[in-house]
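One-based numbering along the sequence shown.
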Amino acid sequence: MYYTIKETRAALKSGETTSEKLVRSAVETFEKDKSAPIPLNAFIELYEDAVEKAQAADKEIEAARAAGNIDKLFEEKPLLGIPFANKDNINSKGHRLTCASKILEGYVAPYNATVIDRLEKAGAIALGRCNQDEFAMGSSTEYSSYGPTRNPINREFVSGGSSGGSAAAVAANQALFGLGTETGGSVRLPASYCGIYGLKPTYGVLSRWGVVAYGSSLDQVGILGHTPSDIAEPLSLMCGVDMYDDTSADLPEGKTLNKLEALSDAEFKALKIAIPKQFLKTEGADPDVVKCFEETRKWFTDKGATVEEVDLPILDASIAAYYVIALSEAASNLSRFDGIRYGRRVDDGHGYDELYVKTRSEGFGPEVKRRIVIGNYVLSEQFSGDTYKKGMTVRARIQREVAAVFEKYDIILCPTCPTAAFKLGAKVDSPLEMYLSDLYTTFVNLARIPSINVPAGRTGADNMPIGMQFAGAMFSEKKILRLAQNWENDHAGCGIAVKE
């Protein structure tokens with residue numbers, strides 16, 4: 001069993017293992033889990049052509065080894081033969097894509113998302129599609145038409161959401177790394193709950209072409225992995241401008257991330273860390289999370305960094321602004337799922353209006369309906385000139401004030417979530433409680449900055465993972481990943497998969 005990309009690549013190069021063995025092992029684990037009394041339910045399905053692609057990769061490796069140019073081959077295709085997990089809202093050509101919703105049953109992706117295309121050109125193999133909250137709307141992966149994904153640490157608990165399937169697959173060692181998406185914390189939150197690393201990059205660094213939209217101005221592809229290097233390498237291969245996405249952007253030094261090194265002692269001691277006072281006063285924060293946060297803060301000071309508290313009152317409005325903007329954009333984006341153009345159709349022959357109403361009523365789950373109704377309410381004639389514009393005004397102010405913080409500081413430090421993972425069913429009937437899971441994460445999406453979750457400890461009672469996040473200025477991915485590597489060096493194996 002291999003836990004990192006580096007280990008796996010070395011084993012493939014030496015012939016210690018093959019890509020086919022890796023993929024078949026994943027298939028066996030998937031089939032065994034499906035029949036388990038309490039299935040993990042991380043993958044919805046494994047792609048039928050994954051074994052075939054693995055066999056093709058093995059032939060390339062064998063030929064290169066025989067010719068004596070194995071190193072050259074892996075320089076050209078650094079992820080050759082390495083399987084990864086894909087979220088069910090990212091297009092993979094020729095494979096089903098449903099966003100965990102009944103309304104897209106049977107839909108087959110006609111093309112690859114740019115991120116998938118770039119990974120496949122680097123030799124990586126898309127293993128299968130992972131479970132998620134329906135249309136990425138949720139914080140626990142309980143709002144899925146395929147049933148919930150469970151936490152591999154303890155299957156009585158949630159895996160987080162909406163990218164809970166990808167996080168659970170990585171944490172359970174069913175995949176070496178995974179792709180997720182997030183609009184307000186849906187990569188970092190499950191990474192925290194499952195005890196692995198999870199990166200939300202700067203908005204635009206990873207193309208959204210081929211990713212089903214939730215809130216277009218907030219959506220971002222993210223990466224989940226066992227170590228910072230397992231995130232940095234795929235990021236270096238996927239980042240950059242995409243002609244199909246006008247919001248895409250180049251990442252300075254992005255191509256150098258494949259050789260990630262921790263910050264030097266001198267660089268670390270020069271760091272200035274900001275802690276928002278607003279996050280120190282959070283009501284309902286778990287005492288174990290607070291304790292873990294203080295230990296993380298002490299780690300920074302013990303290593304010589306400067307840690308200071310800053311006042312950012314606008315953060316108190318981040319949850320409200322986020323949901324106003326996200327739900328308004330979701331209502332607009334989901335209007336295309338009407339039963340006429342693609343996906344599920346419920347047609348009793350009574351006309352288009354009846355078809356439209358019945359298809360959406362039967363196709364969408366309760367949480368998606370809730371968000372569509374709220375979004376349309378916000379966008380209704382009497383509110384669109386007030387509520388939505390106020391949300392956008394607050395967002396602009398958050399961007400300005402957070403950018404001002406980074407003129408003086410290198411990193412914003414805070415917990416990823418006020419609590420560790422909760423038990424299945426605990427919040428599914430309380431939308432407000434579920435929404436507050438994003439308390440520490442939404443400001444990052446509103447400010448369009450990068451942030452990484454690092455596994456930082458466990459709760460006392462249930463031994464569930466706790467995550468902390470390092471947020472940096474726009475396009476500072478390299479800095480926060482190098483800092484995460486310092487963390488990994490001092491907490492070796494903190495993000496390594498569960499050994500079952």
Side-chain angles (χ1 to χ4, degrees), residues 99 101 133-140 143 161-162 181-186 189 200 203-204 208 211-220 247 276 278-279 281-284 311-338 356-357 360-361 364-404 417-418 427-449:
C99 298
S101 177
D133 285 300
E134 185 180 6
F135 283 101
M137 297 181 185
S139 302
S140 64
Y143 301 125
S162 63
T181 63
E182 72 156 78
T183 307
S186 290
L189 197 65
K200 180 265 175 208
Y203 182 82
R208 291 184 296 112
V211 179
V212 179
Y214 163 17
S216 303
S217 71
L218 297 161
D219 289 347
Q220 182 66 67
T247 65
Q278 285 64 33
F279 290 159
K281 303 171 186 175
T282 304
E283 291 183 15
D311 195 20
L312 277 172
I314 193 64
L315 293 184
D316 289 333
S318 60
I319 281 277
Y322 166 75
Y323 276 103
V324 164
I325 295 167
L327 271 55
S328 298
E329 293 182 3
S332 177
N333 279 325
L334 267 62
S335 64
R336 75 192 71 176
F337 301 102
D338 53 13
Y356 188 78
V357 169
R360 289 168 69 83
S361 296
F364 288 136
E367 180 60 22
V368 173
K369 289 176 185 175
R370 183 183 296 121
R371 297 193 186 201
I372 289 174
V373 169
I374 295 171
N376 279 319
Y377 182 69
V378 170
L379 291 174
S380 61
E381 188 177 349
Q382 64 267 42
F383 287 107
S384 61
D386 183 20
T387 310
Y388 183 70
K389 286 182 181 178
K390 276 187 180 178
M392 295 300 284
T393 301
V394 171
R395 176 194 187 137
R397 186 170 165 187
I398 287 173
Q399 285 183 279
R400 289 196 304 271
E401 294 194 13
V402 169
C417 186
K427 298 183 182 181
V428 73
D429 295 321
S430 179
L432 186 58
E433 277 192 62
M434 192 77 81
Y435 294 170
L436 290 175
S437 299
D438 299 333
L439 187 64
Y440 296 136
T441 54
T442 54
F443 85 95
V444 167
N445 301 76
L446 291 167
R448 297 187 166 182
I449 59 175

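- Between Val324 and Gly391, the shortest heavy-atom distance links the atoms CG1-CA, 4.4 Å.
- Atom OG in Ser335 sits 5.5 Å away from atom OH in Tyr356 (nearest 0.5 Å).
- Formation of a donor-acceptor pair under 3.5 Å by the Asp133 side chain with backbone atoms of Tyr143 is found in this model.
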Report task. Begin with the C-alpha distance, continue with both residues' side-chain angles, and end with the deciding distance and a verdict on side-chain hydrogen bond (donor to acceptor under 3.5 Å, both in side chains) for Arg371 and Tyr214. Result -> CA-CA 11 Å; Arg371 297 193 186 201; Tyr214 163 17; 2.7 Å; yes

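- Contact detail for Val394 and Ala317: the closest heavy-atom pair is CG1-CB, 4.0 Å.
- Side-chain contact between Ser217 and Glu329 is present, with heavy atoms from C-beta onward closer than 4.5 Å.
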Practice prompt. Might you work through the side chain to side chain contact (heavy atoms under 4.5 Å, CB included) test for Leu334 and Met137, ending with a clear yes or no?
Written response: CA-CA 12 Å; Leu334 267 62; Met137 297 181 185; 3.8 Å; yes

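- A distance of 5.5 Å separates CG in Leu446 from CD1 in Ile325, rounded to the nearest 0.5 Å.
- Atom CZ in Arg395 sits 4.5 Å away from atom CZ in Arg448 (nearest 0.5 Å).
- Nearest heavy-atom pair across Ala326 and Thr183 is CB-CG2, 4.5 Å.
- Proximity of Val378 to Leu327: side-chain heavy atoms (C-beta onward) are nowhere separated by under 4.5 Å.
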Dump the intermediate steps for side chain to side chain contact (heavy atoms under 4.5 Å, CB included) on Val212 and Phe337, then the final yes or no. CA-CA 11 Å; Val212 179; Phe337 301 102; 4.1 Å; yes

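- Residues Asp438 and Tyr323 are in side-chain contact: their nearest non-hydrogen atoms beyond the backbone lie under 4.5 Å apart.
- Residues Asp219 and Thr181 have side chains that never bring a donor and an acceptor to within less than 3.5 angstrom of each other.
- For Thr441 (side chain) and Gly184 (main-chain N/O), a donor-acceptor pair under 3.5 Å exists by modelled atom type.
- Contacts of Glu401 classified as salt bridge (charged side-chain N to carboxylate O under 4.0 Å, His left out), with partners at least two apart in sequence or in another chain: Arg397.
- Heavy-atom minimum distance, Arg208 versus Tyr203: NH2-OH, 3.2 Å.
- The shortest heavy-atom contact between Gly185 and Asn445 is N-OD1, 3.7 Å.
- Aromatic ring pairs are classed by plane angle as parallel below 30°, tilted from 30° to 60° and perpendicular above 60°; the pair Phe443 and Phe279 is tilted.
- Not one N or O on the side chain of Glu134 forms a donor-acceptor pair closer than 3.5 Å with the backbone of Ser101.
- Separating the CG atom in Asn333 from the OG atom in Ser328 is a distance of 11.0 Å, to the nearest 0.5 Å.
- With rounding to the nearest 0.5 angstrom, the CG atom of Leu218 is 11.0 Å from the OG atom of Ser186.
- When all heavy atoms of Ser437 and Pro418 are compared, the pair lying nearest together is O-CD, 3.9 Å.
- Side chain of Gln220 to main chain of Lys200: no donor-acceptor pair is present (N/O by atom type, distance under 3.5 Å, no hydrogens or angles).
- With rounding to the nearest 0.5 angstrom, the CD1 atom of Ile319 is 4.0 Å from the OG1 atom of Thr442.
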